[in-house]
Amino acid sequence: MTENQPEQRELRYDPRQIEEKWFAQWQADPNLYAAEPHDSKRKKYYVLEMLPYPSGALHMGHVRNYAIGDALARYMWMRGYNVLHPMGWDAFGLPAENAAIKNKVPPKEWTLRNIEHMKAQMKRLGFTYDWSREVTTCLPEYYKWNQWFFIQMYKGGLAYRKKSKVNWCPECATVLANEQVLSNGCCWRHEETTVEQRELEQWFVRTTRYAEELLQDLDKLENWPEKVRIMQRNWIGRSEGALVDFKIDGPAGPAGDKITVFTTRIDTIFGATSIQLAPEHPMMADLIGNDHSLHAKVEDLMREQGKAKEAGDIGGIEKHGAFTGRYAINPFNEEKIPIWVANYILMDYGTGAIMSVPAHDERDHEFAQKYGLEIRVVILPRRTGEPAGPDDNERPVLPYTEKESLLINSGGFNGLSNNEAIEKMSAYAEQHGFGKKTVTYRLKDWGISRQRYWGTPIPMLYCEKCGVAPVPEDQLPVLLPDMTEITLQGGSPLARVPEFVNAICPQCGGRTRRETDTMDTFVDSSWYFYRYTNARLADRPLDTATVDYWFPIDQYIGGVEHAILHLIYSRFWTKFMRDLGLVHNSEPVERLFTQGMVIKNGAKMSKNKGNVVSPDDMVARFGADSTRMYALFAAPPDRDLEWQEAGVEGVHRFLSRTFRFVMRYGKTAKSSSAHDGVITPAGRAIQRKLHQTIKRVTDDFQGRWHFNTCVAAIMEFINELYGVEEEIAKGNFPASVLADAQRKLVLLLAPFAPYLAAELWQVLGEKDTLLRHPWPEYDSALAREDEIEYAVQVNGKLRSRVAVPADSPEEVVRERVMADEKVRASLDGKQIVKTIVIPGKLVNVVIK
RNA sequence: GCCGGGAUGGCGGAAUUGGCAGACGCAGCGGACUUAAAAUCCGCAGCCCUUAAAAGGGGCGUGGGGGUUCGAGUCCCCCUCUCGGCACCA
């Protein structure tokens with residue numbers, strides 16, 4: 001008993017000892033995970049996980065994201081690919097600045113310190129990142145190129161400055177892009193803070209120039225989740241329609257003599273009984289003149305709309321409006337219709353003006369009923385060819401908004417179907433010069449100005465004499481000055497740094513003022529993955545030939561919360577760079593995977609809820625291998641994962657079992673040659689299970705990505721090995737099978753539990769690095785079952801199981817089944833109608 | 001309101017093409033080892049009925065209702081709940 005104890009200690013799986021040993025060894029080799037250069041003859045594989053914001057420490061969501069990516073990277077290494085697996089830091093952003101304000105720590109210092117810590121965590125977790133390619137977006141060597149790109153955009157008319165109503169988050173003390181406002185009107189970072197509307201002069205990037213291509217190319221992204229493509233399609237919001245000019249009756253003002261409306265239903269234009277304008281419509285002043293009560297009314301409507309927008313409930317607004325006292329002429333029938341102003345008309349969609357057709361639009365109908373406007377039916381629920389007639393019995397239930405329709409009361413267009421009418425009427429409007437077909441998008445240009453310090457300075461100058469001009473490219477980067485004392489009172493912090501603001505005009509040599517806003521951090525993440533291909537390149541953002549080799553990214557992995565924001569900006573940026581001639585690909589990402597959230601007690605982990613599980617804690621208690629493997633085992637990667645500590649223990653127990661098994665039999669298998677060449681039934685069973693396991697794991701990597709089931713398969717295999725332990729201990733088990741099984745077990749484990757796999761590989765006497773060892777080949781002959789157990793049903797109910805040699809012809813299967821006692825008992829005295837045999841699976845006997 | 005995902009034991013989940021529902025893991029129960037416990041190993045384990053008990057047998061069962069089929073967690077129709085996205089977008 002006493003002599004048993006040292007042996008027990010030796011067999012205990014101690015992840016700390018094993019992981020620290022291999023950690024030290026791996027750290028000593030900086031090129032261990034380095035990709036080969038782009039002239040490599042090997043096939044490339046670019047696997048990428050979304051880069052983190054260096055908030056201070058990794059959370060479980062990160063660990064899950066990176067565990068998926070790392071398993072894949074390791075697998076592809078073992079398949080012989082030239083794997084690019086980089087990591088970096090989305091290092092500009094508000095938390096650093098807020099921490100600086102609170103604790104008087106310079107944002108740079110705070111950020112770099114966090115990066116050091118998180119990088120150490122990543123290394124400890126054993127991820128295969130090529131750190132020589134690390135990208136840190138807050139460093140001048142990186143953000144210099146943000147500035148350079150911005151200048152190219154400016155030159156190409158893709159960046160412009162405009163005063164407009166913008167989303168303002170009081171908590172962030174800066175402007176937000178449309179994509180950064182949640183649907184309830186709150187800030188994406190401060191889910192409790194309502195975003196306000198402010199009028200500001202801002203820099204915009206013309207994403208809408210690529211709206212059509214961004215939409216069209218979604219169809220090519222077959223390896224993206226359908227869900228993400230749908231979300232982007234909705235976000236771009238393409239809508240086909242027509243613009244139609246309505247002449248204003250009476251004197252024209254400075255804003256012109258007509259109102260242009262956008263409509264998708266020009267076929268209903270004969271039913272237009274009023275024009276409705278957004279309260280902010282530029283024509284408003286002309287129309288209402290100096291009627292004070294009307295002015296006040298328009299102000300009210302504007303305020304109501306603003307409030308509803310802020311509440312994120314523009315859809316729930318109670319419709320109000322007012323008659324402006326003026327009329328417009330419907331160009332199709334020369335009819336005079338009243339011009340109204342209404343709080344439900346949005347200035348930032350279409351033209352901010354609509355023709356109101358109460359009979360065939362729900363909103364117009366509601367409004368018309370409220371204010372007693374005329375409701376005129378101009379379409380019937382009919383197809384062409386069917387007899388038409390404005391019979392009262394045939395009046396549709398109003399509002400009738402279906403497309404399937406036939407025109408009535410529409411002059412020369414009567415009798416046309418909806419589609420014909422849209423074509424003919426658009427053409428008619430175009431011929432007569434008062435309208436045309438058009439396409440509008442919900443997508444807006446991207447406002448990138450931020451009134452904050454910790455970001456890329458926008459490289460623009462404002463000269464009193466020469467006007468707006470970009471900083472000359474040879475003067476880049478415009479360095480972000482060090483600042484410790486940051487306050488958010490009164491706009492951009494940089495405006496209070498005279499050394500920064502004051503500059504010399506490159507044209508006239510006179511005094512000029514720098515732009516003091518910084519860029520949205522989504523600029524940084526829009527192209528960082530190109531920089532990885534040549535991260536230290538000094539004179540260009542990227543090398544085209546290198547990008548050609550590595551792109552597109554073969555697999556991108558990250559949270560679905562970026563489905564619109566980051567992923568639409570990135571796609572835009574790629575198209576822009578392609579048109580600059582910098583890259584040749586039109587899309588950055590070939591295959592996208594969005595993993596689910598990590599939750600605890602049914603809720604997303606957050607400090608507020610106090611349900612945060614620390615990766616450091618898990619690693620300290622169970623080891624990196626168990627932590628990573630549990631993150632893969634607990635749920636399929638695309639679904640949410642409920643973190644259960646008992647589950648981590650379970651995975652840890654499995655690794656212990658694996659460890660003990662190889663420690664016991666790894667060496668004996670190698671030295672013993674007993675029973676070599678003779679494969680016992682137990683040996684055959686292990687061989688079979690081994691190859692079935694190889695197939696399951698390999699298949700999951702190749703397609704399905706259900707790592708939870710391949711971990712389960714490996715668990716089954718170790719259970720099977722323990723099932724023959726007695727035979728092994730007695731020396732009745734074929735040594736070659738045992739040795740082979742253990743070697744391949746370790747190889748299968750390598751992508752999931754790299755530390756333990758490395759240790760056991762060494763125990764088995766292997767010298768090479770697992771990452772460079774070929775993945776085990778699946779042998780279908782070895783995986784084949786000798787005997788198949790058929791499930792036998794009678795009228796669909798399971799009645800018996802009958803074992804039949806594999807590949808038995810159907811007749812033999814039938815014979816064996818009919819000979820079975822239980823089956824005969826079930827069939828007793830009944831008439832067999834038919835018998836269905838599913839080869840290799842099941843027999844169903846149908847009786848009467 | 002529109003679009004998309006999901007609902008399977010006490011829990012996380014499995015069932016890949018319409019073919020044995022509940023793999024694997026957790027929790028639970030029983031046994032072995034131990035003075036004892038932990039650890040470990042082996043076994044049982046959806047629910048209900050039948051039985052003194054066990055063996056055995058039978059019925060029900062994948063959110064609810066209907067359908068197709070020899071056969072449905074899987075396909076079709078209707079409904080409920082839930083999570084996500086969008087929402088006077090003219």
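The structure presented is a predicted model; accordingly, all values stated were derived computationally and were not measured. Chain naming here is simple, since letters A, B, ... match the order of the sequence lines and numbering starts at 1 in each.
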[X]-[Y] aromatic ring centre distance below 6.0 Å:
X	Y	result
A:F434	A:F332	yes
A:F752	A:F701	yes
A:Y630	A:W643	yes
A:Y344	A:H320	no

Legend entry - Nucleic acid contacts of residues 354-362 of chain A, taken as heavy-atom distances under 4.0 Å to RNA chain B: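 Residues of residues 354-362 of chain A that come under 4.0 Å of RNA chain B are, in numerical order, A:I354.
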
Legend entry - Reading 5' to 3' through nucleotides 8-14 of chain B, protein heavy-atom contacts under 4.0 Å coded B for base, S for sugar-phosphate only, - for none: ---SBSS

Legend entry - Aromatic plane relationship, A:Y349 with A:F262 - under 30° parallel, 30 to 60° tilted, over 60° perpendicular: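 Perpendicular, since the angle between the ring planes exceeds 60°.
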
Inset, instruction - Look at the rings of A:W446 and A:Y569 and say which category their plane angle falls in: under 30° parallel, 30 to 60° tilted, over 60° perpendicular. - result: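 Rings of A:W446 and A:Y569: parallel, under 30°.
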
Between the protein and nucleotides 65-68 of chain B, which nitrogen or oxygen pairs are less than 3.5 angstrom apart?
none

Expressed as a whole number of Å, how far does the [atom1] atom of [N] sit from that of [M]?
N	M	atom1	value
B:G19	B:C11	C1'	29 Å
B:C70	B:C81	P	35 Å
B:U17	B:C76	P	14 Å
B:A14	B:C24	P	14 Å
B:C48	B:A54	P	14 Å
B:U34	B:C26	P	25 Å
B:C44	B:A55	C1'	15 Å
B:C47	B:A23	P	13 Å

Inset, instruction - May I ask you to say whether A:D267 pairs ionically with A:R265, meaning some side-chain N is under 4.0 Å from a carboxylate O? - result: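 A salt bridge is present here (some side-chain N lies under 4.0 Å from a carboxylate O).
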
Would you say the side-chain atoms of [X] and [Y] include a donor-acceptor pair closer than 3.5 Å?
X	Y	answer
A:R442	A:S239	no
A:T709	A:D700	yes
A:Q692	A:E716	no
A:E304	A:N343	yes
A:Q595	A:R639	no

Inset, instruction - Evaluate the criterion side-chain contact (heavy atoms from CB on, under 4.5 Å) for residue pair A:E789 and A:V802; output intermediate values, then yes/no. - result: CA-CA 5 Å; A:E789 197 173 60; A:V802 176; over 6 Å; no

Pairs: protein N or O with nucleotides 40-44 of chain B N or O, under 3.5 Å:
{"from": "B:U40", "atom 1": "O3'", "to": "A:R660", "atom 2": "NH2", "distance (Å)": "3.0"}
{"from": "B:C41", "atom 1": "OP1", "to": "A:R657", "atom 2": "NH1", "distance (Å)": "2.6"}
{"from": "B:C41", "atom 1": "OP1", "to": "A:R660", "atom 2": "NH2", "distance (Å)": "3.2"}

Legend entry - Test item: A:D364 side-chain N/O and A:V357 main-chain N/O as donor-acceptor pair under 3.5 Å: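 Judged by distance alone, yes, a pair lies under 3.5 Å.
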
Inset, instruction - Look at the side chain of A:H360 and the backbone N and O of A:V378, then say whether any donor-acceptor pair between them is shorter than 3.5 Å. - result: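 At least one qualifying donor-acceptor pair exists.
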
Inset, instruction - Check whether the side chain of A:N844 and the base of B:C70 form a donor-acceptor pair under 3.5 Å. - result: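 Under the 3.5 Å cut-off, the side chain and the base do form a donor-acceptor pair.
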
Inset, instruction - Have a look at B:G6 and give me syn or anti from its glycosidic angle (syn if within 90° of zero). - result: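 You should classify B:G6 as anti.
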
Inset, instruction - Using Watson-Crick or G-U wobble pairs with both distances under 3.5 Å, give me RNA chain B in dot-bracket, 5' to 3', with [ ] for crossers and | for pairs to another strand. - result: (((((((..(((......[....))).(((((.......))))).(((((.....)))))..(((((..]....))))))))))))....

Inset, instruction - Take A:V560 and A:A712, find for each the nucleotide of RNA chain B with the closest heavy atom, and name the residue whose nucleotide sits nearer the 5' end. - result: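 Of the two residues, A:A712 wins.
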
Legend entry - Whichever of A:G647 and A:N795 has its nearest RNA chain B nucleotide further upstream toward 5':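 Residue closer to the 5' terminus by nearest nucleotide: A:G647.
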
Options [options], nucleotide nearest the side-chain atoms of [X]:
X	options	value
A:R363	B:A23, B:A90, B:C70	B:A90
A:K227	B:G4, B:C70, B:C24	B:G4
A:R442	B:C89, B:C70, B:G19	B:C89

Inset, instruction - Could you walk me through whether A:T208 and A:Y441 pass the side-chain contact (heavy atoms from CB on, under 4.5 Å) test, one step at a time? - result: CA-CA 8 Å; A:T208 52; A:Y441 299 90; 5.7 Å; no

Listed pairs, N/O of protein and of nucleotides 54-60 of chain B, under 3.5 Å:
{"from": "B:C60", "atom 1": "OP2", "to": "A:K797", "atom 2": "NZ", "distance (Å)": "3.3"}

Legend entry - A:L567 side, atom CG; A:L214 side, atom CG - distance, nearest 0.5 Å: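 The distance works out to 11.5 Å.
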
Legend entry - Cation-pi check, A:R657 onto A:Y722 ring (under 6.0 Å, within 45° of axis):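 Geometry flag: set, cation within 6.0 Å and 45°.
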
Legend entry - A:K689 to A:F717, cation-pi by 6.0 Å centre distance and 45° axis angle: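 Not satisfied by the 6.0 Å and 45° rule.
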
Legend entry - Flag if over 12 foreign heavy atoms under 6.0 Å of CD, A:E240: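 No.
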
Inset, instruction - Give A:Q793 one of three labels, base, sugar-phosphate or nothing, depending on what nucleic acid heavy atoms sit under 4.0 Å from its own. - result: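 Here A:Q793 touches the bases of the nucleic acid.
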
Inset, instruction - Could you tell me whether A:L842 contacts a base, only the sugar-phosphate backbone, or nothing, with contacts defined as non-hydrogen atoms closer than 4.0 Å? - result: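 Base, at least one base heavy atom under 4.0 Å.
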
